[in-house]
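Below is one structure; the comments refer to it alone.
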Amino acid sequence: MSVRAWTLSIEDRERLIKEAFKAKEGSYSPYSKFPVGAAILTADGTILRGANIENASYGGTICAERTVLVKAVSEGIKKFVGLAVTTNVNSAISPCGMCRQFIREFCSNDMPILLVPGDYPQTGEPKPGSRVSEGGVIETTLGELLPMSFGPEELELPRQPQ
């Protein structure tokens, strides 16, 4: 494995990836036929799973990333160490914009996010300088996915009187 400045252990990386695939099995995606699974690692080492759940009204659909965070936060869990997301597409797919902002509400900008291809693990060595790491995974952070984001701390900044 290549050297990286990363807070996620190799073991936790593999656990998260495995659980994201398990999460995808719970997808309800009869309309898009695009199942997504997400797994989040909590500060105490627990991994929670979530899948996308579609709705005939489309607007009522909830993505896997939001599902897993809603599950965690509704149970009082608000400290997270890493997130993995996978689909059935054979390349890494990023969370949608709404999910990125939702993740921002509860996770730090430097939290590792693993974007896992559906055919993980892919064979072959990653190309030097590529964002793709072992197995075809893109290892990124929330800050890279949502630069210059707006978060809860901005609501605490001083304001001009109205």
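Just so it is clear, the model here is predicted, and its values are computed rather than measured.
A donor atom on one side chain and an acceptor atom on the other are not found under 3.5 Å apart for Arg15 and Ser9. In this model, no donor atom of one side chain and acceptor atom of the other lie less than 3.5 Å apart for Thr61 and Glu54.
Atom-to-atom distance recorded for Phe102:CZ and Thr67:OG1 is 9.0 Å, nearest 0.5 angstrom. Ser29 OG to Ile53 CD1: the interatomic distance, rounded to the nearest 0.5 Å, is 8.5 Å. To the nearest 0.5 Å, atoms CZ (Arg100) and CZ (Arg66) are separated by 13.0 Å.
Applying the ring-ring contact (aromatic ring centres under 6.0 Å, His included) rule to Phe80 yields no partners; only residues at least two apart in sequence or on another chain are considered.
At a threshold of 4.5 Å between non-hydrogen side-chain atoms, the residues Leu8 and Val81 count as touching. Side-chain contact between Cys63 and Cys96 is present, with at least one heavy-atom pair separated by less than 4.5 Å. Within the 4.5 Å cutoff, the side chain of Tyr120 has no heavy atoms near those of the Thr86 side chain. At least one side-chain heavy atom of Ser149 sits less than 4.5 Å from a side-chain heavy atom of Asn109. For the pair Ser94/Leu145, a side-chain contact is recorded, criterion being any heavy-atom separation below 4.5 Å from C-beta on. Considering only heavy atoms from C-beta on, Pro152 comes within 4.5 Å of Glu105 through its side chain.
A side-chain donor-acceptor contact under 3.5 Å links Ser133 to the backbone of Val137. Listed for the Lys24 side chain is a donor-acceptor partner under 3.5 Å among the backbone atoms of Thr87. Looking only at distances, a side-chain donor or acceptor of Gln122 sits under 3.5 Å from a matching main-chain atom of Asn90. In this structure, Glu65 contributes its side chain and Ala84 its backbone to no donor-acceptor pair below 3.5 Å.
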Inset, instruction - Before giving the answer on side-chain contact (heavy atoms from CB on, under 4.5 Å), spell out for Asn55 and Tyr31 the whole-Å C-alpha distance, their side-chain angles and the decisive distance to 0.1 Å. - result: CA-CA 8 Å; Asn55 187 280; Tyr31 308 109; 5.8 Å; no

Inset, instruction - Show your reasoning for whether side-chain contact (heavy atoms from CB on, under 4.5 Å) applies to Thr141 and Met111. - result: CA-CA 5 Å; Thr141 64; Met111 187 185 79; over 6 Å; no

Inset, instruction - Check the pair Lys18, Lys22 against side-chain contact (heavy atoms from CB on, under 4.5 Å), reporting the backbone distance first and the verdict last. - result: CA-CA 6 Å; Lys18 179 180 174 185; Lys22 282 185 186 175; 3.9 Å; yes

Inset, instruction - List the steps, then state whether side-chain contact (heavy atoms from CB on, under 4.5 Å) holds for Glu125 with Glu134. - result: CA-CA 7 Å; Glu125 287 295 315; Glu134 284 186 43; 5.9 Å; no

May I have the list of side-chain donor-acceptor pairs in residues 41-52 shorter than 3.5 Å, sequence neighbours left out?
residue, atom, partner, partner atom, Å
Thr42, OG1, Asp44, OD1, 2.5
Thr42, OG1, Thr46, N, 3.2
Thr42, OG1, Thr46, O, 3.1
Asp44, OD1, Thr46, N, 3.0
Asp44, OD1, Thr46, OG1, 2.8
Arg49, NH1, Glu19, OE1, 2.5
Asn52, OD1, Ser27, OG, 2.7
Asn52, OD1, Val36, N, 2.8
Asn52, ND2, Phe34, O, 3.0

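Phe150 and Leu146 are not part of a single hydrophobic cluster, where members link through side-chain heavy atoms under 4.5 Å apart. Hydrophobic clustering, with ILVMFWY side chains joined whenever heavy atoms are under 4.5 angstrom apart, keeps Phe106 apart from Leu155. Follow the hydrophobic side-chain contacts under 4.5 Å out from Val73 and you reach Ile113 in the same cluster. Clustering ILVMFWY residues whenever any of their side-chain heavy atoms sit less than 4.5 angstrom apart, transitively, puts Val89 in the very cluster that holds Val85.
Nearest heavy-atom pair, Leu83 versus Leu16, reported as atom, atom and distance to 0.1 Å: N-CD1, 3.9 Å. The shortest heavy-atom contact between Leu142 and Cys107 is CD2-O, 3.7 Å. Scanning both residues, Ile17 and Leu114, for their nearest heavy atoms gives CG1-CD1, 4.1 Å. Contact detail for Pro117 and Gly136: the closest heavy-atom pair is CD-O, 3.3 Å.
Under the 4.0 Å criterion applied to side-chain N and carboxylate O atoms, Arg104 and Glu154 are assigned as salt-bridge partners. In summary, Arg131 and Glu144 engage in a salt bridge, as defined by a charged side-chain N under 4.0 Å from a carboxylate O.
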